[in-house]
Amino acid sequence: MAEIKTQELECAAARLVAVASAQAGSKATSGADAGTQLATAESLTGGMVGQLICTVPGASAVYRGGVISYATEVKASVLGVPADLLAERGAVNPDVAIAMAQGTARVCGADFGLATTGAAGPEPCDGKPVGRVYLAVAHPGSGGVRVLEKNYDGNRAEIRAQAAHDALNLLTDFLAETVK
């Protein structure tokens with residue numbers, strides 16, 4: 001897979017903030033709750049997604065914050081990912097990604113949560129190959145969730161960048177489909 005360039009990452013973040021801001025604005029003018037607040041839970045991306053969102057002017061109107069849950073214990077203690085799920089399946093798992101997304105929305109008081117977990121290398125993680133990544137988005141208010149499994153090629157930096165890019169796009173597309 002081609003290397004994701006910084007400009008592509010920044011464009012994906014800008015697109016997300018624009019969609020979220022437009023959704024919040026249309027809800028506010030319609031008299032609905034103006035909530036299109038976003039939060040992130042990041043493991044393998046280590047804060048990259050949140051950092052990219054914060055580069056966009058106006059992000060503070062829609063981005064509540066995030067949790068860098070690199071350690072498995074943080075996934076359980078801060079985000080509320082069930083310890084038995086982590087023990088049985090490991091941190092690189094689609095259900096863990098969903099629980100992380102739901103947890104960050106709760107912890108940050110957001111309407112939508114986005115999570116990244118996976119094996120960036122150089123070694124496999126929890127029996128999963130390098131490049132295996134799960135991205136999840138959750139909208140606790142509606143119970144809506146979406147999770148993607150990705151299998152990236154490349155070095156550690158490339159895998160992390162691809163995951164951040166696809167996570168931003170996942171949330172943007174989910175917002176566009178969910179919030180009308």
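Atoms considered below: every heavy atom in the structure, side chains included; atoms not considered: hydrogens, waters and symmetry mates. None of the values given here were measured: they were computed from a predicted structure.
- Looking at Glu42 and Val67, their side chains never come closer than 4.5 Å, going by heavy atoms from C-beta outward.
- The side-chain contact (heavy atoms from CB on, under 4.5 Å) test with Ile53 is passed by exactly one of Val62, Leu171, Thr40: Thr40.
- Side-chain heavy atoms closer than 4.5 Å link hydrophobic residues (I, L, V, M, F, W, Y) into clusters, and following such links, possibly through other members, connects Leu52 to Val133.
- Formation of a donor-acceptor pair under 3.5 Å by the Arg64 side chain with backbone atoms of Gln37 is not found in this model.
- The aromatic rings of Phe112 and Phe174 sit perpendicular to each other, their planes meeting at more than 60°, with 30° as the lower class boundary.
- For Thr172 against Ala12, the heavy-atom pair with the smallest separation is OG1-O, 4.3 Å.
- Contact annotation: the side chain of Asp111 never approaches that of Leu38 to less than 4.5 Å [non-hydrogen atoms, C-beta and beyond].
- Counting only heavy atoms from C-beta outward, the side chains of Arg132 and Glu149 approach each other to under 4.5 Å.
- Applying the salt bridge (charged side-chain N to carboxylate O under 4.0 Å, His left out) rule to Glu73 yields no partners; only residues at least two apart in sequence or on another chain are considered.
- The two residues Met48 and Ala164 make their nearest non-hydrogen contact at SD-CB, 3.6 Å.
- Note that CZ of Arg146 and NE2 of His139 are 13.0 Å apart. Values are rounded to the nearest 0.5 Å.
- Summarising the geometry, atom OG1 belonging to Thr55 is positioned 5.0 Å from atom CD belonging to Glu10; distances are rounded to the nearest 0.5 Å.
- Hydrophobic clustering keeps Val92 apart from Val130 (ILVMFWY residues linked when any side-chain heavy atoms are closer than 4.5 Å, directly or through intermediates).
- Transitive grouping of hydrophobic side chains (ILVMFWY, heavy atoms separated by less than 4.5 Å) keeps Leu135 and Tyr70 in distinct clusters.
- In this structure, the side chain of Glu158 engages the main chain of Asn155 through a donor-acceptor pair within 3.5 Å.
- A heavy-atom distance below 4.5 Å is not found between the side chains of Val74 and Leu79.
- Using modelled atom types and a 3.5 Å distance limit, the side chains of Thr45 and Thr116 yield a donor-acceptor pair.
- In this structure, the separation between OH on Tyr134 and CE on Met100 is 13.5 Å, given to the nearest 0.5 Å.
- Taking the salt bridge (charged side-chain N to carboxylate O under 4.0 Å, His left out) definition, one finds that Asp95 meets it with Arg89, sequence neighbours left out.
- In this structure, CD in Glu8 is found 5.5 Å from NE2 in His165, a value given to the nearest 0.5 Å.
- Here the closest non-hydrogen pair linking Ala138 and Gln102 is CB-CG, 3.6 Å.
- For the atom pair CG of Leu114 and OG1 of Thr104, the computed distance is 9.0 Å after rounding to the nearest 0.5 Å.
- Here the side chains of Asp166 and Leu148 are not in contact, with every heavy-atom distance at 4.5 Å or above.
- Within the 4.5 Å cutoff, no side-chain heavy atoms of Val145 are placed close to those of Val137.
- Interatomic distance, Leu175 CG to Ser21 OG, rounded to the nearest 0.5 Å: 10.0 Å.
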List the steps and the verdict of side chain to side chain contact (heavy atoms under 4.5 Å, CB included) for Asp173 and Arg15. CA-CA 10 Å; Asp173 294 344; Arg15 182 174 161 247; 2.8 Å; yes
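- Closest heavy-atom contact between Ala115 and Ala97: CB-O, 3.4 Å.
- Nearest heavy atom pair, residue Ala91 against residue Asp126, reads N-OD2, 2.6 Å.
- Closest approach of Cys108 to Ala39, counting heavy atoms only: CB-CB, 3.6 Å.
- In this model, no donor atom of one side chain and acceptor atom of the other lie less than 3.5 Å apart for Tyr152 and Gln162.
- Clustering ILVMFWY residues whenever any of their side-chain heavy atoms sit less than 4.5 angstrom apart, transitively, puts Leu170 in the very cluster that holds Val56.
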